[in-house]
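In what follows, chains carry the letters A, B, and so on, assigned in the order in which the sequence lines appear, proteins first and then strands, with residues in each chain numbered from 1.
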Amino acid sequence: MNGAEGRVMRVAGPVVVATGISGARLYDLVRVGALGLVGEIIKLDGDEAVIQVYESTAGLEVGSVVHHTGAPLLVELGPGLLGKVFDGTGRPLQALAASGRGRYGEPFLGRGAEVPTLDRARRWEFHPSIEVGAVVGAGDVLGWVEETPALRHLVLVPPGAGGRVDGIGTGELTVTDPVALIDGVPIAMLQQWPVRTPRPVRRRLDPDEPLVTGQRVVDTLFPVAKGGSATIPGGFGTGKTVHEQSLAKWADADVVVYIGCGERGNELTEVLGEFPRLADPRTGASLADRTILIANTSNMPVAAREASIYTGMTIAEYFRDQGCAVALLADSTSRWGEALREVSGRLEEMPGEEGYPAYLPSRLAEFYERAGSVRCLGGSDRRGSVTVVGAVSPPGADFSEPVTQYSLRLAGTFWALDTDLARRRHFPAIHWTRSYTLYKLGPWFDEHVADDWEDHRRWALELLQEEERLQSIVQLLGADVLAPAEQLVFFVGRMIREDLLQQSAYDEVDAFCPLSKQYWMLHVIRRTHDEALRALQEGADPETIRSLPAIAGVARMRSWPPEDAESGARELESRIVAELEQAL
Amino acid sequence: MSERALHTVEYRTVGAVSGPLLFLEGVSGAHFDETVDVVAPDGEIRRGQVLEVDRNRAVIEVFAGTRGLDVASTSVRLGGGSAALGVGPGMLGRMFDGSGEPVDGGPPPFPEALRDVSGLPLNPAARDHPSEFIETGVSAIDGLNTLVRGQKLPIFSGFGLPGAELAARIAADARVTAAETERFVVVFAALGITHREAAFFRRSMEDSGSLQRTVMFLNLADDPTIERLLTPRLALTAAEYLAFERGMHVLVILTDMTNYCEALREVSTAREEIPGRRGYPGYMYTDLATIYERAGRIRDRNGSITQLIILSMPDDDITHPIPDLTGYITEGQIVLSRELHLKGIDPPIDVLPSLSRLMSSGIGAGRTRGDHRRVADQLYALYATGRDLRRLVSIIGESALSEDDRRFLSFAEEFERRFVHQPGQARPIAATLDLAWELFGPFSDGELKRIDPDTIARYRGAAAV
């Protein structure tokens, strides 16, 4: 079926219709025109194939040649992905920038460029971990290479392979050198996988452990599970990107796949420049050593944007299969949805809601459901996970639009970004009464941090809810009508909002807050509330309580060094208690 | 504008003319996206572009409009290649129309090279992160929404609001170091603005003595609508040449993008495409991105492109698709407020919805001043509280406020009248920050929650001197 050439019949933006491609199958890759532009068959109708082209189609004409590759869109997997940036179809952008193509030398992306995802020349020190004669199946470990100081990259028997090991390599090998001979078949480190097909696992597990992010509003109030999914919708300027970047920096994942899907070029440049200089709080290694960027910025071809989330997901699954906890951050799924819409529009398909194709929800579901905590293929009991965090950019910050609504149906955690909070520079602008998490992670926190963690969390959520209720009364009648205990709710609610939930992504100390410090900060606030309530009941003056000097210390908790959090909290609490005593 | 190749094939097979589009039948060899010459019955030649090829039919958008074209005798010459602009150092100080022809009476400048006007996407791995502070002299921008070189920042204006004045002021006052003044140029693209507005810009460039360092592309309100789709691309092609091949720092002013978007909608409607929100095409985000993303810096190159985009929010609605999609692409926004304008605040910048995403990388010790980030956060926090109280007062009256509340309320007032309001005189960044400390006067150290004690100790009081 290879090599059968078709002819272009129609060109409309990124969509090309061709006839005469014999043996064409849905999602097969084709090369279009003299430049060999890469495209993917997305619809077949008789002899006609509809192709979405991953590069600009300018200059194509009726009659241009279409070459059938016979294979679907594949991504190359193996050592050499970490610390790199790829476009939506897996082309290495740093290598392209160095390759001298493009308009003013190298900085612009030309068309038809072909550079493989993985560096063919690079040699890796391969350490075999099995011996000749062993019988292996898919997912079994053949050996490992130290890809970066942060990650030992396991080389596995690829899905579908298996048998007796006839030979095993060792030493400095390239990704295409065979590392093993299994039933006579050479296996190399480089593997390929069709991006639209989920990689197989032994079985799925219940997500019962949080992805710790060091972000207080996330970990304390609305945590996401490892292997779970979260959606973060917000209008422009509400901090989606800063939040995604904070997660990419601080989440306790072994590997982070960051997909810049239809977003700003400068933001990706920032990540590229900043991450190598930052240290992973867990390993001390450079953050770049655990990060893979997929960059298909808004001005890059729209069809490749559609492919980018699948490329990123496949890479995430590949590391999951090695037993890694992977965080996949997609910014933004709306731009991906719009890419679907644009292509669908060019196909003149009957539109569903707001012009999006009727298959938008099923495509979104396919994506989110590739998240999961799993028992990996293979003999050893490796457990891996892919946690998905999808940003959504709702038009006009209106959450009733389709991408937000469908994402809400699928994701287990909802971080609602609020325009009003962002305008008053309350960051992260995650709203405390509109957000939620469906993961039951309380037992984990109770066991691993403090046994009353969940109890504190509930208390904080209830108090914030009560504050919001009282707020609506105050808006109408003024603060005078509130009883002293209710005024205390206001006072403490403000502490929770301003001194706990607000967190500066740009402050060296505050950017990452370990769980123990989060616990102690909330502990101080709750203790202050309880003691102040008691003092009020015993007749203390509300105004005096509000102006106690020790209370000002609550606002400074965020700058405590994490290791001093407990002692600092105990000391601050006793000062507050003592001053309250005096106030009586 | 110049052509790459001679037009070779000519067709007299126009099947239909509809809106800005012309449908050509029986064609072979039409290339997608190529430019064509449309010869009107009276012999006039108009430039067009192929929007779609479908078997033996081609859909052509005619930049200068289709008035007077007919089916019988209009002919089309194919083979123009992709739309290109001749670029060269001789463009500086010149004025062109919306399709790149000189309109200042001079001859076309000698082109050093031809450049495809659509440009190519910049490889994110080749970009350099913008971090050089641009001092505009406007406190509300420098202090709270700092602009950096290589940023794209729109001004969300409204009809009757001084968006153009603010842009002109920034173009005239934006301070660069003396050594770099030579390398600072402005590329100005007028998109459907009036003669009056265009004259205002020209005069303002003249007054600041920078006309010789300006390239102007003018598509005015009475010029062909569809030509507007081309004009910003010409301007950015010129800008990319000046920035990345000549090492200049280029400030590109695009005004008014609302007119551009309306032209885009007109073409989309004529093609009977499925409309998105408010009738704008579903691909408007992508289309706008191909314009706005042509800003930035490139590693190991000297020049930069900074974009200042003016758009009018229809009915002052920030959720309208034009400002909305723009805000999702640009690195922040400066929002003008009718309320402040009516209050006489000049420039009427509402800082709460305004934002500069690249601010953090452009400020701080060594760039502006060590206290900048925290002072800005504190100004925001106090002003937001004051604005909330203002709303409350309109419901329950000022008498219900506590003494504390009143201080916040009067801070909001002072902030608008002294910090934001700044007619004429440019303010250096140090003066802007000192003024902020002055405004913090009525608040105790403890109330300045956003500022750490060290910063307070170092800068409070020092400013009062």
Under a 4.5 Å heavy-atom cut-off, does chain A meet the side chain of [X], its backbone, both or neither?
| X | result |
| --- | --- |
| B:Glu273 | side chain |
| B:Asp404 | neither |
| B:Thr330 | backbone |
| B:Val50 | neither |
| B:Arg387 | neither |
| B:Leu355 | both |
| B:Arg57 | neither |
| B:Glu272 | neither |
| B:Ile395 | side chain |
| B:Ser28 | neither |
| B:Ile274 | side chain |
| B:Leu401 | neither |
| B:Arg297 | neither |
| B:Pro281 | neither |

Please classify the contact between [X] and chain B as side chain, backbone, both or neither, with a heavy-atom cut-off of under 4.5 Å.
| X | value |
| --- | --- |
| A:Glu349 | backbone |
| A:Leu272 | side chain |
| A:Pro394 | both |
| A:Thr57 | both |
| A:Val11 | both |
| A:Arg558 | neither |
| A:Val474 | backbone |
| A:Arg7 | neither |
| A:Asp507 | side chain |
| A:Glu338 | side chain |
| A:Ala12 | both |

Do [X] side-chain atoms and [Y] backbone N/O form a donor-acceptor pair below 3.5 Å?
| X | Y | result |
| --- | --- | --- |
| B:His129 | A:Asn266 | yes |
| B:Asp324 | A:Gly396 | yes |
| B:Glu293 | A:Gly265 | yes |
| B:Asn123 | A:Pro107 | no |

So, are [X] and [Y] salt-bridged, with charged N and O less than 4.0 Å apart?
| X | Y | result |
| --- | --- | --- |
| A:Arg423 | B:Asp350 | no |
| A:Asp499 | B:Lys449 | yes |
| A:Arg10 | B:Glu52 | yes |
| B:Arg357 | A:Glu263 | no |
| A:Arg424 | B:Asp388 | yes |

To the nearest 0.5 Å, what is the distance between [atom1] on [X] and [atom2] on [Y]?
| X | Y | atom1 | atom2 | result |
| --- | --- | --- | --- | --- |
| B:Asp287 | A:Ser298 | CG | OG | 11.0 Å |
| A:Phe108 | B:Asp116 | CZ | CG | 11.5 Å |
| B:Ile291 | A:Asn299 | CD1 | CG | 11.5 Å |

Interface residue of largest heavy-atom contact number with chain B, from [options], under 4.5 Å:
| options | result |
| --- | --- |
| A:Gln502, A:Glu342, A:Met9 | A:Met9 |
| A:Gly273, A:Ser56, A:Gly235, A:Ala397 | A:Gly235 |
| A:Ala295, A:Pro395, A:Gly237 | A:Pro395 |
| A:Pro351, A:Ser334, A:Gly355 | A:Pro351 |

Problem set entry | Closest-packed option against chain A by number of heavy-atom pairs under 4.5 Å, given B:Arg374, B:Glu331, B:Arg373 | B:Glu331

For this session: Output the option from B:Thr319, B:Asp33, B:Leu352, B:Leu392 having the highest count of non-hydrogen pairs under 4.5 Å with chain A.
Result: B:Leu352

What pair of heavy atoms forms the shortest contact from [X] to [Y], and how long is it?
| X | Y | value |
| --- | --- | --- |
| B:Pro124 | A:Thr269 | O-OG1, 3.3 Å |
| A:Arg556 | B:Pro453 | NE-CG, 4.0 Å |
| B:Gly29 | A:Glu61 | CA-OE1, 3.1 Å |

Exercise. Got a sec: does the CZ of A:Arg494 have more than 12 other heavy atoms crowding it under 6.0 Å?
Worked result: no

Problem set entry | A:Asp398 vs B:Arg277, salt bridge (charged side-chain N to carboxylate O under 4.0 Å, His left out): CA-CA, chis, key distance, verdict | CA-CA 12 Å; A:Asp398 173 7; B:Arg277 274 204 310 155; over 6 Å; no

Problem set entry | Non-neighbouring partners of A:Glu274 that pass side-chain contact (heavy atoms from CB on, under 4.5 Å), sequence neighbours left out | A:Lys249, A:Glu270, A:Arg277, A:Leu278

For this session: Mind checking side-chain hydrogen bond (donor to acceptor under 3.5 Å, both in side chains) for A:Arg425 and listing every partner two or more places apart, or none if nothing turns up?
Result: B:Tyr380

For this session: Start with the C-alpha distance between B:Phe32 and A:Val62, add both sets of side-chain angles, then the distance that settles side-chain contact (heavy atoms from CB on, under 4.5 Å), and finish with yes or no.
Result: CA-CA 9 Å; B:Phe32 176 70; A:Val62 172; over 6 Å; no

Exercise. Please walk me through it: do B:Thr286 and A:Arg305 pass side-chain hydrogen bond (donor to acceptor under 3.5 Å, both in side chains)?
Worked result: CA-CA 11 Å; B:Thr286 306; A:Arg305 190 198 297 170; 3.2 Å; yes

For this session: Tell me whether the guanidinium CZ or amine NZ of A:Arg341 lies under 6.0 angstrom from the six-membered ring centre of B:Tyr285 and within 45° of its axis.
Result: no

For this session: Please say whether the positively charged group of A:Arg264, taken as NZ for Lys or CZ for Arg, lies over the ring of B:Tyr328, i.e. under 6.0 angstrom from the six-membered ring centre and within 45 degrees of the axis.
Result: no

